[in-house]
Amino acid sequence: MSEIKEKELLLKLKANFGYDSFRLKQQKIIENILAKRDTLVIMPTGGGKSICYQLPALFFKGITIVISPLIALMKDQVDSLRANGISSAYFNSSQLPQEHEQVFDGIAKGVIKLLYVAPESLPLLQNILNQTYVSCIAIDEAHCISSWGHDFRPSYKQLGFLKKSLPDIPIVALTATADRATQEDILNQLAIPHATRFISSFNRENITLEVRSANDRVKQIINFIKDRSNQCGIIYCLSRKTTEQLTEKLKSSNIVAIAYHAGLSFEKRAEAQEAFIKDDVEVVCATIAFGMGIDKSNVRWVIHYNMPKNIEGYYQEIGRSGRDGLPSEALLFHSYADVIQLRKFIENTGNKEVQEAKLERMKQFAEATDCRRKILLNYFGELVEENCNNCDVCKNPPKFFDGTLIAQKALSAIYRLKGKEAMGIVIDVLRGAQNATVIDKNYQLLKTYGVGKEISWRDWQHYLIQLMNQGYCQIAFHLNNALHLTEFSKKVLFEGEKIKLTSPVVIKKEENVVKRIKKERSDNTLFERLRQLRYQISKEEDIAAYLVFSDATLREIEKVRPITDNEFLSISGVGERKLEVYGGEFMEEIKNFLNEKKKKRKDTTLETYKLYTEGLTVEEIAMKRNLKSTTIFSHLSKLYLEGKDINLNKFITPDVLKEIVNAKKVLKGEVALKPYFEFLGEKIPYEQIRIGLTILQKKS
Ligand code: ADP
Ligand code: ZN
């Protein structure tokens, strides 16, 4: 193939996918594939792996075979390509023989550019799996070939034969799995040891990270969702039962939620997944069984109701949010009960030590007092020194104070309880609680009983966790999770060592940002109308709403308000086919919106005029209409310019008018009010300046 210039790549990227530039290493990867070299692509979820093989496919003569583990995902990808006008198909065991015939036909005629295949269906493709037809083979979710990874699929094992039987065809392996051993294994198993490797940063800047204490988490979750209406999200829970219970609780708070876990029938699961993908439900409460095979780009948030087993899992799960690159949120609830539960699971599995170490790292992440993103990226082997400014710790750095006295009280309570009690009882004793356990065991007689009354239960929990993290006490998991002192505690109890603690974070219920978003979300914003239109079209076409346009594209349409073909095509995410098929309807909606707005503006000005002619003063009109008097003045100015009989001169003295005339001579073409305000020594109010300028404008 002759060399393809950068310009051609960009032209095709825009025409077929609607994007103006490449992300991360996409361009280098694409050039490598076009040069027919084997390629390994490691990119985080949502990084944009698909385009890496989809764009070259449009340049190659024959077809690109894409091997993909999940049938549901194949359909989604094919829908997405077709929405962009790219001819593609899938081939798997769920289809009828006639459908298979059609696929063969399309390949023979050279009309299909990309064919998605499940690995177990490959043998059925024998007669076309040769160099006459195939130009490239992409293996998606390539980590499935490795038994090292977390997601091994036996049917992937046979893929090594591809390189042997088609030595000249480039093989592209793609995955979001970072770990080195798995990467090596992928290349070995696929027999492409010399593949060029492209490893992108795992940072997903657009995802805000937050960890909260799990107290009252259901209430916290309900508030969180209510503050983000019309946004889709996933809540991961540890157990099937929790997913169902939580779903019920959300439903009774009028949140459209659905449960998903491996215990449900195949139909029920498919139904839940479909409803979520198609924006019919806002929230899925799921076990980790949910998510593989979800390419939905407009998942705006992911909540972990329970702590995940390890950082790999956590990162993969939060990675399902914000694939479109727009701001998204990851919220993790941290509870000690979860840690204890997870440790119990680990007890009964193989390689216990590794898993315990991984859980420990997860816990450290949750309890961090340093930038959380740094911790994550360092975990994946990327050394980062800068703080991210997009995690709760960066935004709200912990405030340290002298916690020596608190530490002494806590540690001596543990000491007096002889290391026999778990955190809950330790706190009860500190707070002087009078519950059955305390009384039964006569703990009210201990010297430390009630010495920490003034500190809330929640805050004690927060302090005890910090003391654990600092190594002064620990949980004896094998002894009913009792708290034990460590040898370092002596220093605090007997040697006067000072301790620094952080104050608990108070969750503000409604931050300004949230309020603003909420206001924006009222039904009649342009975005909401575009979203409704998208939903309606997606129903008519029976595809997922985000495949019509992503949230990012809708946001840009909202901002730019395109009303011509050229303007519409300039939007990122709009290619030629989408302009042709959807452009008209969207532009019509924008025009309607603008006209209605204009009309509303006109109506409100006329209302002011009516009251003015009835003889009301500006203040009276403002009061009556519940508007600011500056707004009324701007209405009057507009009416005055339109030639309505309004005497603006009575609102301004000749002297002030003269000053404005002089200012205008200096400021000339200036139309904004602020330069006048400043020029006039910030003495003359804005509305006076507006009136003066309006009078002068009318005169000229
Ligand atoms: P991955 O397979 O790596 O998880 P996808 O291929 O599904 O990610 O891409 C994630 C999202 O990013 C999709 O909505 C895709 O259309 C979008 N995307 C990919 N490349 C670009 C680009 N160059 N510019 C803008 N958006 C892009
Ligand atoms: Zn940070």
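Start at 1 and go down the list; that is how both ligands and their atoms are numbered.
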Participant: Do Asp324 and Arg555 sit within salt-bridge range, that is, some charged N less than 4.0 Å from a carboxylate O?
Facilitator: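 Not counted as a salt bridge, because no side-chain N and carboxylate O are separated by less than 4.0 Å.
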Participant: Are Asp279 and Lys296 ion-paired here, with the side-chain N under 4.0 Å from a carboxylate O?
Facilitator: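 Looking at Lys296 together with Asp279, the answer is yes, because their closest N to O distance falls below 4.0 Å.
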Participant: Would Asp338 and Arg217 pass as an ion pair if we require N to O under 4.0 Å?
Facilitator: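 Answer for the salt bridge query: yes.
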Participant: Would you call the rings of Phe401 and Tyr463 parallel, tilted or perpendicular, where under 30° means parallel and over 60° means perpendicular?
Facilitator: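 Because their plane-to-plane angle is over 60°, the rings of Phe401 and Tyr463 count as perpendicular.
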Participant: Under 4.0 Å from a heavy atom of Ser21: which atoms of ligand 1 are those, numbered in the order shown and with their elements?
Facilitator: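 So the answer, numbered in order with elements, is 22 (C), 23 (N), 24 (N).
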Participant: Below 4.0 Å from ligand 1: does a non-hydrogen atom of Met43 turn up there or not?
Facilitator: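 The answer is no, since Met43 has no heavy atom less than 4.0 Å from ligand 1.
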Participant: Do me a favour and list the nearest non-hydrogen protein atom to atom 8 (O) of ligand 1 with residue, atom name and distance?
Facilitator: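 Checked against all protein heavy atoms, atom 8 (O) of ligand 1 sits closest to Gly48 N, 3.2 Å.
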Participant: So, is Arg23 polar-close to ligand 1, with some N/O to N/O distance under 3.5 Å?
Facilitator: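 Yes - when backbone and side-chain N and O of Arg23 are compared with those of ligand 1, one distance drops under 3.5 Å.
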Participant: No waters, cut-off 2.8 Å: how many protein N, O or S atoms are close to the Zn ion (ligand 2)?
Facilitator: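 Counting protein N, O and S atoms closer than 2.8 Å to the Zn ion (ligand 2) gives 4.
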Participant: Between Thr175 and His143, does any side-chain donor sit less than 3.5 Å from a side-chain acceptor?
Facilitator: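 Indeed, the side chains of Thr175 and His143 share at least one donor-acceptor pair under 3.5 Å.
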Participant: Between Lys49 and Glu141, does any NZ, NE, NH1 or NH2 come within less than 4.0 Å of an OD or OE carboxylate oxygen?
Facilitator: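 Here Glu141 does not pair with Lys49 in a salt bridge, since their nearest N and O are not under 4.0 Å apart.
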Participant: At a non-hydrogen distance cut-off of under 4.0 Å, which region of Gln26 contacts ligand 1 (side chain, backbone, both, or neither)?
Facilitator: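 Side chain only.
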Participant: Do the side chains of Glu329 and Arg228 get close enough for a salt bridge, i.e. N-O under 4.0 angstrom?
Facilitator: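 Judged by the 4.0 Å cut-off on N to carboxylate O distance, Glu329 and Arg228 do form a salt bridge.
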Participant: With a 4.0 Å cut-off on heavy atoms, is Ser572 in contact with ligand 1?
Facilitator: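 So Ser572 does not count as touching ligand 1.
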Participant: Provide, to 0.1 Å, the distance between atom 14 (O) of ligand 1 and the closest protein heavy atom, together with that atom's residue and name.
Facilitator: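 Nearest neighbour among protein heavy atoms for atom 14 (O) of ligand 1, to 0.1 Å: Ser297 CB, 3.9 Å.
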Participant: Any atoms of ligand 1 less than 4.0 Å from a non-hydrogen atom of Ser50? List them with their elements.
Facilitator: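 Answer for ligand 1: 2 (O), 5 (P), 6 (O), 7 (O).
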Participant: Considering only NZ, NE, NH1 and NH2 on the basic side and carboxylate oxygens on the acidic side, decide whether Asp551 and Arg531 come within less than 4.0 Å.
Facilitator: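 A salt bridge is absent here (no side-chain N lies under 4.0 Å from a carboxylate O).
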Participant: So is Asp324 in contact with ligand 1, going by heavy-atom distances below 4.0 Å?
Facilitator: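 No, Asp324 has no heavy atoms under 4.0 Å from ligand 1.
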Participant: At a non-hydrogen distance cut-off of under 4.0 Å, which region of Phe22 contacts ligand 1 (side chain, backbone, both, or neither)?
Facilitator: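 Backbone only.
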Participant: Can we call the ring centroids of Tyr315 and Phe380 under 6.0 Å apart?
Facilitator: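 Yes.
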Participant: Less than 6.0 angstrom separating the ring centers of Phe586 and Phe549, yes or no?
Facilitator: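 Centroid separation for Phe586 and Phe549: below 6.0 Å.
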Participant: When you measure from atom 11 (C) of ligand 1 to every protein heavy atom, which one gives the shortest distance, and what is it?
Facilitator: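 Looking at atom 11 (C) of ligand 1, the protein heavy atom closest to it is Arg323 O, 3.2 Å.
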Participant: Can you tell whether the side chains of Lys358 and Glu312 come within less than 4.0 Å, N to carboxylate O?
Facilitator: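 Answer for the salt bridge query: yes.
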Participant: To which protein heavy atom is atom 1 (P) of ligand 1 closest, and what is the distance rounded to 0.1 Å?
Facilitator: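 So the nearest neighbour among protein heavy atoms is Gly46 N, 3.5 Å.
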Participant: Compute whether any side-chain donor of one residue and acceptor of the other, for Ser503 and His462, lie under 3.5 angstrom apart.
Facilitator: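 Per modelled atom types, Ser503 and His462 side chains form no pair under 3.5 Å.
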Participant: Salt bridge between Asp280 and Lys539, side-chain N to carboxylate O under 4.0 Å?
Facilitator: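 A salt bridge is present here (some side-chain N lies under 4.0 Å from a carboxylate O).
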Participant: With a 4.0 Å cut-off on heavy atoms, is Ser550 touching ligand 1?
Facilitator: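 Under 4.0 Å: no for Ser550.
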Participant: Would you check if Tyr260 and Phe276 make a side-chain contact, meaning some heavy-atom pair closer than 4.5 Å?
Facilitator: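 A side-chain contact under 4.5 Å is absent here.
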Participant: Going by the order shown, which atoms of ligand 1 are within less than 4.0 Å of some heavy atom of Ile51?
Facilitator: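 Checking each atom against Ile51, I get 19 (C), 20 (N).
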Participant: Does at least one non-hydrogen atom of Pro44 fall below 4.0 angstrom from an atom of ligand 1?
Facilitator: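 Distance cut 4.0 Å: Pro44 passes for ligand 1.
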Participant: Please report which non-hydrogen protein atom sits nearest to atom 24 (N) of ligand 1, along with the residue it belongs to and the distance in Å to one decimal place.
Facilitator: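 Ranked first by proximity to atom 24 (N) of ligand 1 is Tyr19 CG, 3.4 Å.
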